[in-house]
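Input: a single structure, listed below in structure tokens.
Keep in mind the model is a prediction, meaning the values are calculated, not measured.
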Amino acid sequence: MDNEIRTYTVLIYTENQIGLLSQIANVFTRRSLSIWTLTAGPTAIEGVHTITITSDATRRKIDEAVKQIEKRVDVISATYYVSEEIVYRELALCKVPSPALLESGAIEKLLSDHHARILEMNPEFTVLQKTGTLRETTAFYESVKPFGVLQFVRSGRVAVSRDAEPEIKCCK
Amino acid sequence: MENKIKGSEAFWKALIAEGVDTVFGYPGGQIMHVYDSLCSYTDRVRHILVRHEQGAIHAAQGFARVSGRPGVVLVTSGPGATNVVTGLVDAMTDSTPLVVVTGQVPNAALGTDAFQEADVTGMTGPITKWNYQIRRPEDVAWAIARAFYIAGSGRPGPVVLDFTKDAQVGLTDFHYEKCTGIRSYHPDPFPSDKALDEAAALIDASKKPFVVFGQGVTISHAEDRLAEFLRKGDLPSGSTMLGLGALPTDFPNYEGMIGMHGHVAANVKTSECDLLIAIGMRFSDRVTGSVGKYARNAKVIHIDIDKAEIGKIIPVTVGLCGDAGRVLEALTARISPGSHREWLESFVPVREIEKKKVIEPELHPKGKELKMGEVVDAVTAYCGGRAIVVTDVGQNQLMASRYSRLASRRSFISSGGLGTMGFGLPAAIGAAIADPSRPVCLFVGDGGIQMTIQEFGTIMQEHTGVKVILLNNNWLGNVRQWQQLFYDRRYSATRMINPNYEDIAKAYGIKYIRVKDREALPKALETLFSDNGPCLMDVLVEEEANVMPMVPPGSGLDRMMLTENSWYENE
């Protein structure tokens with residue numbers, strides 16, 4: 001069990017200190033763990049930032065890494081989860097040529113099948129947005145591919161835990 | 001406006017407010033404002049001018065380990081900063097509190113590859129407990145207060161402050177407030193009553209308990225509490241290399257050092273015990289040997305202030321995360337008085353085997369040549385256990401850790417986790433400056449001394465009374481030993497052609513004694529300790545000697561080489 005490799009989501013709350021992100025990334029690289037996705041940004045609490053990292057690792061390794069991250073002075077808390085323990089989403093943006101999309105007549109079905117949205121449309125190109133899991137955004141990409149994708153980008157994961165406790169108590 | 005002072009002056013005021021009286025450093029272009037401001041504070045702060053920045057940081061480490069206070073280092077930007085990197089890793093691994101201040105180019109020049117610019121916060125992030133770039137003079141006091149709080153609290157470690165020229169030159173108001181807490185940092189954890197009760201029950205139920213303690217005991221000033229705990233539980237114990245000095249060498253049922261070159265009984269009983277109680281140590285591979293074979297019959301209680309260490313290497317039955325002294329006090333109150341006569345008696349025959357096969361031939365050799373162990377024994381016996389023993393790295397270190405007679409606390413200073421050759425000489429300088437009342441004996445090899453030999457200049461300038469005992473065998477002895485034992489005697493790049501140390505000592509005005517044979521040793525020791533000044537005692541020891549016993553790589557602790565051809569093996 002401890003040696004099984006799974007995808008873990010690490011939720012880190014930090015003070016807004018310059019250089020902290022690279023130190024956190026370093027904890028992974030030093031242990032030969034690759035960072036699969038990474039998302040960072042300010043939380044609703046002033047001065048507190050959150051970093052969400054996904055990484056494939058054994059439980060033993062991820063536990064070790066998360067303890068080292070939590071040990072950093074400016075890290076408020078660091079916790080790891082398997083996917084069942086969290087609610088999470090990724091965001092995908094896809095730019096396709098508008099003529100191809102319109103000529104196909106499939107746009108309505110595409111949007112309703114994938115719960116996707118149009119963010120911007122002009123005679124040249126259309127930007128579509130899709131939120132979901134990695135599998136869902138990948139399925140969306142596959143459906144859009146026939147229209148000729150100009151650009152497809154995907155964010156890292158953001159996640160909240162499936163428990164009713166406030167995530168960071170010390171900053172209330 | 002007239003109340004405002006320069007950032008460089010705020011710097012010294014803040015250090016003084018933290019009780020700093022000694023700084024190890026080396027000036028340079030981007031730290032000159034700080035050095036300029038020092039002129040007004042020389043009555044309160046002693047600045048030790050080293051000969052290389054690596055010397056400054058190792059000296060500060062020696063100072064910190066002896067005094068228990070953070071060592072302070074002041075160097076310039078670029079090469080000044082990169083030269084302290086080895087010491088930072090060393091201090092990080094060995095939990096040594098340091099505040100290292102590096103000069104930095106003006107804010108506008110950051111990132112431009114300016115002269116002597118290096119990305120100091122970037123490169124020192126993973127090797128410091130905390131680092132911070134001070135870019136505004138008004139942040140000086142805040143950053144220094146935080147630096148001292150972080151370096152010295154919890155599991156101590158090095159902190160780097162990268163001090164840009166703008167922050168040194170700019171004007172600021174100065175109000176100093178010590179840091180007493182940081183919301184994201186919890187340096188003083190304490191285990192639950194439930195965990196303490198569980199641990200006490202395990203200790204009471206154990207038939208064959210064994211205690212392994214490390215430097216955490218010294219850091220926490222918990223020497224008395226450790227002794228009380230061991231006495232009440234009637235518990236045998238062994239020390240890691242950095243734990244040495246927490247108990248006097250002759251403490252009852254104290255088996256000395258554990259690990260690769262540890263004492264046989266301490267190692268063997270680690271494998272036999274049914275309960276291992278680890279206190280303020282981190283299960284280094286030099287301590288455990290093969291992890292899979294370590295303490296394989298034992299339940300494990302691990303006391304450490306660093307949560308990340310508990311379960312990192314050895315799975316624990318009960319983890320007690322907290323300060324060694326506070327946890328030991330709580331645990332001692334909970335355990336019943338123990339009695340383990342039969343178990344303790346089982347140590348005796350193992351001890352006897354080591355004494356006969358290893359210790360006697362080392363301390364009372366039949367051959368003509370001087371043994372490293374007998375020199376260590378003679379020097380530390382001469383000091384009556386009062387000495388602060390400082391070591392370099394290699395055979396000198398292993399022999400010093402095995403044979404030093406230690407009776408006082410904070411008396412063994414060595415580079416443990418990183419194993420930094422060149423650590424010894426500057427660390428001894430720092431130790432001697434921290435406590436001039438005790439003799440400081442440095443055991444160093446002919447390899448390591450030449451890595452930081454320039455610090456003889458610091459000794460000369462500061463009149464530091466370091467007693468340098470050079471165990472001179474004209475080899476890089478420890479590597480040579482491994483080549484002999486594991487590389488079929490192919491001595492690749494380990495033979496040393498050495499300089500004339502007498503001429504070197506003379507050039508620095510340091511007293512020199514050469515010891516060629518056993519008969520000359522007693523008289524040499526009298527000369528060595530005849531005054532409080534520095535002295536280099538160049539001891540020509542047996543050239544191809546090995547440090548035994550030895551747990552070879554990959555082996556468990558209960559299988560030790562006693563000589564090249566004989567082994568101790570548990571049935």
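- Separation of the A:Y81 and A:Y88 ring centroids does not fall under the 6.0 Å cut-off.
- At a 4.5 Å heavy-atom cutoff, the contact between A:I18 and chain B is made by side-chain atoms alone.
- Only the backbone of B:I310 comes within less than 4.5 Å of a heavy atom of chain A; no side-chain atom from C-beta onward does.
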B:V75/B:N83 under side-chain contact (heavy atoms from CB on, under 4.5 Å): CA gap, chis, key distance, verdict
CA-CA 9 Å; B:V75 296; B:N83 279 343; over 6 Å; no
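- B:T86 and B:T420 share no side-chain donor-acceptor pair at under 3.5 Å.
- With a 4.5 angstrom heavy-atom cutoff, A:D74 touches chain B via backbone and side-chain atoms both.
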Tell me, with the steps shown, if B:V100 and B:V159 meet side-chain contact (heavy atoms from CB on, under 4.5 Å).
CA-CA 6 Å; B:V100 178; B:V159 166; over 6 Å; no
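- Looking at A:R60, the atoms closer than 4.5 Å to chain B (heavy atoms on both sides) all sit in the side chain, from C-beta outward.
- When each of A:R30, A:Q17, A:Q23 is checked for heavy-atom pairs under 4.5 Å with chain B, A:Q23 comes out on top.
- Taking the ring axis of B:F190 as reference, the NZ or CZ atom of B:R326 stays within 45° of it and closer than 6.0 Å to the ring centre.
- Of the atoms belonging to A:V75, it is backbone heavy atoms, and not side-chain ones, that fall under 4.5 Å from chain B.
- Taking chain A as the reference chain and counting heavy-atom pairs below 4.5 Å, the highest number among B:E309, B:Q133, B:R146, B:R155 is found for B:R146.
- Inspection of the A:T50 and A:T43 side chains reveals no N or O donor paired with an N or O acceptor under 3.5 Å.
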